[in-house]
Structures are given as structure tokens and as C-alpha cells.
Amino acid sequence: MSELTRVINQLEAHGHRLTASRLAVLSEVYALQDQFSADDIHRNLPRVGRATIFRTIKLLVDESVVCRVLLDDGRLLYKWSSSGHHHHMICRVCGTVKDLSGCGIELVLAETLNSASFSMDGHWLEVYGRCNPCRDSVGA
């Protein structure tokens, strides 16, 4: 079973309607896989309304199919993700986005929140810097 088929089955199992427009957005997101914006999807699917695109992307984020990537310039991009909860390392030079999982931040957060008697609903961590090729080319 392909990953796209698995996601379609997941959405159906969770009671989400799979209209032709929603399937078109899902197929486009799957085809892009790498980071993309809602505008990228709209450029590639001009007959699909922007509201449908945004609602479908939000659904895919809520279903953990797509993750959000916040660039250091404030732009919000998205990326196909099947790795569960994770964070990102983002190169400020070339824009490469790599997943960062197993960084231990969850343990630090749990201890901090417990000592502050605070209940967390979620968190989002992006690490900005330079990837090895960019770091080497600048001579850091």
C-alpha cells in the first residue's frame, strides 16, 4: 500500500469527506513532499479555491500527515511528514529543512512544566543555522 493510499484510508477512517478538490490537494502535497506553501499548491491547482487549500492543509496538519515549517523570515511552509512528532533544523543560507527527532527537549519540557504546575497543549521548535555544505562554503 502506498503512503498516499494509507493517508486516504486514514482520512476516511476518521470520517473526513474526500471531495475531488480535497483529493487534488492531497495528491499535489504528496507529489511535492518537500517544503511548500499554500500559494505553491494554488499555483499548481488554480481551479481549487484557496479556502479549500487552506482547510485541507490544516486537516493534514491535524492528522499528522503534514508538518509546519516556520522559516526565520516568518514565512510558514509545510512538509509531508510521516515521522510523527519532531522538530526542524533550517539552513538560513540554502533553506534546507531537516527533521530533528530524539533531541531530548520533551524531557526538559516535562520537568520544567511539572515544576511550574503548567499543562502543555503542544510545542513547536525550529533550529536555525547553516547546514554542513553552507557552513563549509562560508568558512565558519
Report task. Please report the closest heavy-atom contact between C67 and H88, naming both atoms and the distance. Result -> SG-NE2, 3.3 Å
Query - Nearest heavy atoms of S21 and V48, plus distance in Å - result: CB-CG1, 4.1 Å
Query raised in the report: If you take all heavy atoms of L45 and A24, which pair is closest and at what distance?
Result: CD1-O, 3.5 Å
Query - With R55 via salt bridge (charged side-chain N to carboxylate O under 4.0 Å, His left out) - residues at least two apart - result: none
Query - Non-neighbouring partners of K98 that pass salt bridge (charged side-chain N to carboxylate O under 4.0 Å, His left out), sequence neighbours left out - result: none
Query raised in the report: Can you tell if the side chain of L23 reaches within under 4.5 Å of the side chain of V25, non-hydrogen atoms only?
Result: no
Query raised in the report: If Ile, Leu, Val, Met, Phe, Trp and Tyr residues are connected whenever their side-chain heavy atoms lie under 4.5 Å apart, and connections chain through other members, are V66 and L76 in the same group?
Result: yes
Report task. Compare all side-chain heavy atoms of F36 with those of L77 and state whether any distance is below 4.5 angstrom. Result -> no
Query raised in the report: With a 4.5 Å limit on heavy-atom distance, are the side chains of S64 and S81 in contact?
Result: no
Query raised in the report: Mind checking what makes side-chain contact (heavy atoms from CB on, under 4.5 Å) contact with T112, not counting sequence neighbours?
Result: V108
Requested in this report: Indicate yes or no: does K58 engage D62 in a salt bridge with an N to O separation below 4.0 Å.
Outcome: yes
Query raised in the report: Do you know which two heavy atoms are closest between D99 and K79, and how far apart they sit?
Result: OD1-NZ, 2.8 Å
Report summary line: When every non-hydrogen atom of L70 is compared with those of E126, the smallest separation belongs to N-OE2, 2.9 Å
Report task. Report yes if some heavy atom in the side chain of D40 is under 4.5 Å from a heavy atom in the side chain of S37; otherwise report no. Result -> yes
Report task. Under the salt bridge (charged side-chain N to carboxylate O under 4.0 Å, His left out) rule, collect the residues that match up with R47, sequence neighbours excluded. Result -> none
Query - Sequence-distant partners of E28, side-chain hydrogen bond (donor to acceptor under 3.5 Å, both in side chains), two or more places apart - result: N44
Requested in this report: Identify the two heavy atoms, one from C91 and one from C131, that lie closest to each other, and give their separation to 0.1 Å.
Outcome: SG-N, 3.4 Å
Query raised in the report: Distance from L125 atom CG to H86 atom NE2, nearest 0.5 Å?
Result: 11.0 Å
**Report entry** Listed once per pair and sorted, the side-chain hydrogen bond (donor to acceptor under 3.5 Å, both in side chains) pairs that draw on residues 3-14, sequence neighbours left out
**Finding:** S2-T5, E3-W80, E3-S82, R6-Q10, Q10-E63, H14-E63
**Report entry** Separation of D136 CG from C134 SG (nearest 0.5 Å)
**Finding:** 9.0 Å
Requested in this report: Kindly indicate whether the side chain of L18, heavy atoms from C-beta on, has any atom under 4.5 Å from the side chain of L11.
Outcome: yes
Query - Point-to-point distance, once rounded to the nearest 0.5 Å, from CG of L4 to OG of S27 - result: 5.0 Å
Query - Contacts of R68 that satisfy side-chain hydrogen bond (donor to acceptor under 3.5 Å, both in side chains) - sequence neighbours left out - result: none
Query - Shared hydrophobic cluster for V61 and V7 (ILVMFWY, side-chain gaps under 4.5 Å) - result: yes
Query - Same cluster (ILVMFWY, side-chain, under 4.5 Å), Y128 and W124 - result: yes
Query raised in the report: With sequence neighbours left out, what residues match D72 under side-chain hydrogen bond (donor to acceptor under 3.5 Å, both in side chains)?
Result: R92
Report task. Would you mind reporting whether L59 and R22 have side-chain heavy atoms less than 4.5 Å apart? Result -> yes
Query raised in the report: Do R50 and D39 meet the salt-bridge criterion of a basic N to acidic O distance under 4.0 Å?
Result: yes
**Report entry** Residues in side-chain hydrogen bond (donor to acceptor under 3.5 Å, both in side chains) contact with D73, at least two apart in sequence or another chain
**Finding:** R75
Requested in this report: With the side chain counted from C-beta on, respond yes when L109 and M120 share a heavy-atom pair under 4.5 Å apart, and no when they do not.
Outcome: yes
Report task. Measure the shortest side-chain to side-chain distance between L26 and I8 over non-hydrogen atoms and say whether it is less than 4.5 angstrom. Result -> yes
